K.L.:
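Pasting in a structure now, in structure tokens, and then I'll have a few things to ask.
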Protein chains: 2
Amino acid sequence: MLREILIVLGIDPGLVITGFGVISVTGGNAYEYITSGVIETKNTTNLEQRLKYIYENVFRLIETHKPQEIAMEEVFINTNQKSSSKLIMGRTAAYLACCNFGYQVNEYAPNTVKKNITGNGHASKDQVHIMVQKIFCTSIDKNKTNDAIDAIAIALCHLFKKMSKNYF
Amino acid sequence: MLREILIVLGIDPGLVITGFGVISVTGGNAYEYITSGVIETKNTTNLEQRLKYIYENVFRLIETHKPQEIAMEEVFINTNQKSSSKLIMGRTAAYLACCNFGYQVNEYAPNTVKKNITGNGHASKDQVHIMVQKIFCTSIDKNKTNDAIDAIAIALCHLFKKMSKNYF
């Protein structure tokens with residue numbers, strides 16, 4: 001029997017660290033953790049090279065894992081305008097790699113992700129990480145940074161919405 | 001006798017309208033206006049397609065005119081955070097097309113451009129346009145929007161800096 005598989009790439013964007021997580025679900029709610037990690041750029045490297053690096057790495061992730069859907073965390077402008085501007089530029093580099101493949105980018109606010117993974121929009125990072133591991137019945141490598149696990153949570157939030165599993 | 005030619009692409013970025021101007025200078029201060037125009041996207045189109053469109057058109061401009069250098073106007077975050085965020089995303093789409101070709105993007109604040117073209121950092125748009133036409137000894141098509149002429153001014157500001165002609 002053929003089962004349809006839905007692969008989702010989740011992205012927690014940034015200029016310094018872009019987290020990514022690839023997960024899938026097949027019929028029967030079989031969630032599978034595929035991979036996760038971070039794309040890092042150093043602030044000693046010029047902005048042009050950092051943006052190019054993020055773009056190219058997200059592009060490669062899409063080529064490798066061929067997700068059907070992509071989810072990305074929303075970014076809000078804070079009081080530090082300069083750092084906000086850089087953050088949005090880093091995020092746009094990842095966003096544009098998706099656009100250039102023809103994807104729609106599904107955007108989720110941090111609180112929406114937390115609420116959908118833990119039931120509480122103000123949950124701690126630890127709580128989110130515990131729930132991600134429970135749902136995938138796997139202990140995700142402790143060396144994974146928070147950003148990678150956040151990216152898995154973003155992908156999972158999108159899966160829940162797609163499957164309308166009590167999506168908030 | 002061979003003369004070195006320096007071609008500069010100026011970009012006045014935005015999500016709705018991205019102005020561009022291509023100019024050159026050869027030895028003996030021979031300024032030449034090559035082309036200018038705008039890349040427009042409609043707000044009825046989704047963000048993904050708008051960013052892709054800007055990216056692809058800037059990419060094509062670079063392929064066509066092969067500038068040695070690129071100059072772009074700086075963007076500041078204003079009180080409307082949502083529109084600022086969109087503006088930065090539009091700008092980053094143009095920026096990234098340059099990065100992916102390996103260019104350094106030379107950034108100039110609006111007042112720096114005005115000061116270098118007219119001598120006054122608070123000059124009116126009309127004043128900037130008059131000076132651009134004077135310097136190129138040409139009457140730039142009246143149908144060109146302000147954004148296209150602003151982009152020429154940005155390119156010219158960069159040329160002045162390169163040539164250290166009383167650059168402010």
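What you see is a predicted model; the values in this text were computed from it and never measured.
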K.L.:
Return the NZ to OG1 distance between Lys86(A) and Thr92(B), rounded to the nearest 0.5 Å.
P.N.:
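So the gap between those two atoms works out to 11.5 Å.
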K.L.:
Given that the side chain runs from C-beta out, which part of Tyr95(A) has a heavy atom under 4.5 Å from chain B: side chain, backbone, both or neither?
P.N.:
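Just the side chain, heavy atoms under 4.5 Å.
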K.L.:
Does Phe101(A) belong to the same Ile/Leu/Val/Met/Phe/Trp/Tyr cluster as Leu47(B), with side-chain heavy atoms less than 4.5 Å apart forming each link?
P.N.:
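Linked, Phe101(A) and Leu47(B) end up in one cluster.
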K.L.:
Select, from Gln49(B), Gln104(B), Lys52(B), the one with the greatest count of heavy-atom pairs under 4.5 Å involving chain A.
P.N.:
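The residue among Gln49(B), Gln104(B), Lys52(B) with the greatest pair count is Lys52(B).
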K.L.:
Would you say the side-chain atoms of Glu48(B) pair up with the backbone N or O of Val105(A), donor to acceptor, closer than 3.5 Å?
P.N.:
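Indeed, once roles are kept as given, a pair shorter than 3.5 Å links the two residues.
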K.L.:
Enter the distance from Ser85(A):OG to Glu74(B):CD here, rounded to the nearest 0.5 Å.
P.N.:
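Answer for the OG-CD pair, Ser85(A) versus Glu74(B), is 9.0 Å.
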K.L.:
Consider only side-chain heavy atoms of I, L, V, M, F, W and Y, link residues closer than 4.5 Å, and tell whether Ile17(A) and Ile88(A) are in one cluster.
P.N.:
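No, Ile17(A) and Ile88(A) fall in different hydrophobic clusters.
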K.L.:
What part of Asn100(A) gets within 4.5 angstrom of chain B, counting heavy atoms only: side chain, backbone, both, or neither?
P.N.:
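The answer is both parts of Asn100(A).
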K.L.:
Establish whether Ile135(B) and Val25(B) are linked, either directly or via other cluster members, by ILVMFWY side-chain heavy-atom contacts under 4.5 Å.
P.N.:
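Shared cluster, yes.
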K.L.:
Tell me, for Arg91(A) versus chain B, whether the close heavy atoms (under 4.5 Å) come from the side chain, the backbone, both or neither.
P.N.:
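The side chain, not the backbone.
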K.L.:
With clusters defined by side-chain heavy atoms of hydrophobic residues (ILVMFWY) lying less than 4.5 Å apart, directly or transitively, does Val38(B) cluster with Met72(B)?
P.N.:
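Looking at the clustering, Val38(B) is in a separate group from Met72(B).
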K.L.:
Taking atom CD of Glu56(A) and atom SG of Cys99(B), what is their separation to the nearest 0.5 Å?
P.N.:
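Spacing of CD (Glu56(A)) from SG (Cys99(B)) equals 10.0 Å.
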K.L.:
If two hydrophobic side chains count as joined below 4.5 Å and joins carry through other members, does Val8(A) share a cluster with Met163(A)?
P.N.:
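As far as the 4.5 Å side-chain criterion goes, Met163(A) and Val8(A) are connected within one cluster.
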K.L.:
For a quick test of reading the model, state the closest non-hydrogen atom pair linking Ala93(B) to Leu96(A) and the distance between them.
P.N.:
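Smallest interatomic distance, heavy atoms only, reads CA-CD2, 3.8 Å.
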